[in-house]
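Whatever order the structure lists them in is the order used to number ligands and atoms, beginning at 1.
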Amino acid sequence: MGEQVLTITDERTGKSYKAPITDGTIRAMDLRQIKEDAEDFGIMTYDPAFLNTASCRSSITYIDGDRGILRYRGYPIEELAEKCTFLEVAYLVLNGSLPGESELKEWVHLVKHHTMLHETTKKFLEGFRYDAHPMGMLVSTVAALSTVYPEARHVLDPENRRMQIVRLIAKMPTIAAYTYRHSLGLPYVYPDNDLGYTANFMNMLWKMLEPKYVANPVLSRALSILFILHADHEQNCSTNAMRAVGSSQADPYLSTAAAAAALSGPLHGGANEQVLLMLDEIGSVSRIPEYIDAVKAGKYKLMGFGHRVYKNYDPRARVIKWTAEQVFQVTGRNAKLDIALALEKIALEDEYFIKRKLYPNVDFYSGIIYQAMGFKPDMFTVLFAIPRTVGWLAQWDELMRDPEQKISRPRQIFTGSAERHMPAERPTIGVPVGV
Ligand code: COA
């Protein structure tokens, strides 16, 4: 097939323009040639919230929202969740292929040997109030790591990037666990390098006086699966923040802190915490119809439902439902599950949700599992941030390698007032402009 071209006719001038089509897109800059006259700036696109704008070329994650497909580096999420450990998936997301036996050994060793926090960072955490939200503590502590590793600012050096990527992936569970211990007033537990990634995280969360913490293997595997499901999700709000901040060549700790800040909002990573609050508010299966009516009247949103990209069942929600069953066999059934299942059933049969293609997303069931495992709702977004760090860093590394990328800087349509002037009688305070 020859070159595909879009021909645009400007009815203001009667002129026609050509814009090549590549991968189903035209270059926004090709629209600049469309001008009313030589003085004209040229046409721009207006796309608040990036509903129809590709901001990069990426080979990491593929989503087909209409068909409910999610793949990392080509592998379906269901297969990765079934057959891989989280660190294997992290390697895949970062490097593009699954590790061989020796590569995996080396990778796991590397991550395990960077889990400790500098003692000053630990002290920094101690300064937070006892009731500080864990996400605020996480964001600030990740940003503070920038002061511990000043060499991280050399972001154009691939070896240096690699080092910071390992550090961030290794230290995220440690920071997360410390925010949790801090809120309970418990002493921090040092990482145990004998343990796997999620078992060590559980050790840092829940070890008390026993000499060696032994995680329940079903729960540590469930956490590993949840981490796999959350590792990346292409150009979502927090990844976009990572890329936008990273595009200024800020160091990866500061960029990751910015991404984590974006994740904290209730419309993004904060949604599973909101789901639990919503289930508490509903209280019983009998109150669901009343709540659904309030949602339809625009009073609330059904948290954990709807997605910018998925207009079908979120494939991660299916794996999570299965994982929930495994977890509940160990922890006992979370009473909220019955409300959630009934809510899902009623919503999926309701015209309002069918028409708008609103299905459960990854957050609908994850909070229920986390709560059954013993996490407080304010830790849920932190649990999302740990694995998503892998995606943020893979996307950041891809950005750094991409010769087409520049500092991220959108345009605007100015809607303010035209030029106006200060009253002539107003006295001058400083040196007048232009003198
Ligand atoms: N409950 C009720 N109605 C919802 C809804 C929800 N969870 N999500 C979207 N809608 C409705 C909107 O009100 C809108 O209705 P309208 O056409 O009558 O105005 C329509 O569905 C389209 O929604 P819109 O807000 O344009 O979708 P979006 O792509 O901008 O938003 C989300 C996507 C995820 C932000 C949104 O679905 C949401 O807020 N969900 C709840 C929070 C959540 O679970 N977030 C986690 C995402 S993984």
(request) Anything with a heavy atom under 4.0 Å from ligand 1 counts, so go ahead and list those protein residues by chain and number. (result) Leu267, His268, Ala271, Val295, Lys301, Leu302, Met303, Gly304, Phe305, Gly306, His307, Arg308, Tyr352, Arg356, Leu358, Asn361, Asp363
(request) State whether the side chain of Asn272 and the backbone N or O of Ser366 hold a donor-acceptor pair below 3.5 Å, judged by distance alone. (result) no
(request) Verify, without hydrogens or angle tests, whether Tyr62 (side chain) and Ile69 (backbone) share a donor-acceptor contact under 3.5 angstrom. (result) no
(message) I'd like to know if Arg161 and Asp397 make a salt bridge, using a cut-off of under 4.0 Å between side-chain N and carboxylate O.
(response) yes
(request) May I ask you to check whether Trp392 and Ser238 show a side-chain donor-acceptor distance below 3.5 Å? (result) yes
(message) Looking at Arg71 and Glu78, is any side-chain nitrogen of the basic one under 4.0 Å from a carboxylate oxygen of the acidic one?
(response) no
(request) Could you tell me the separation between the CE atom of Met242 and the OG1 atom of Thr256, rounded to the nearest 0.5 Å? (result) 3.5 Å
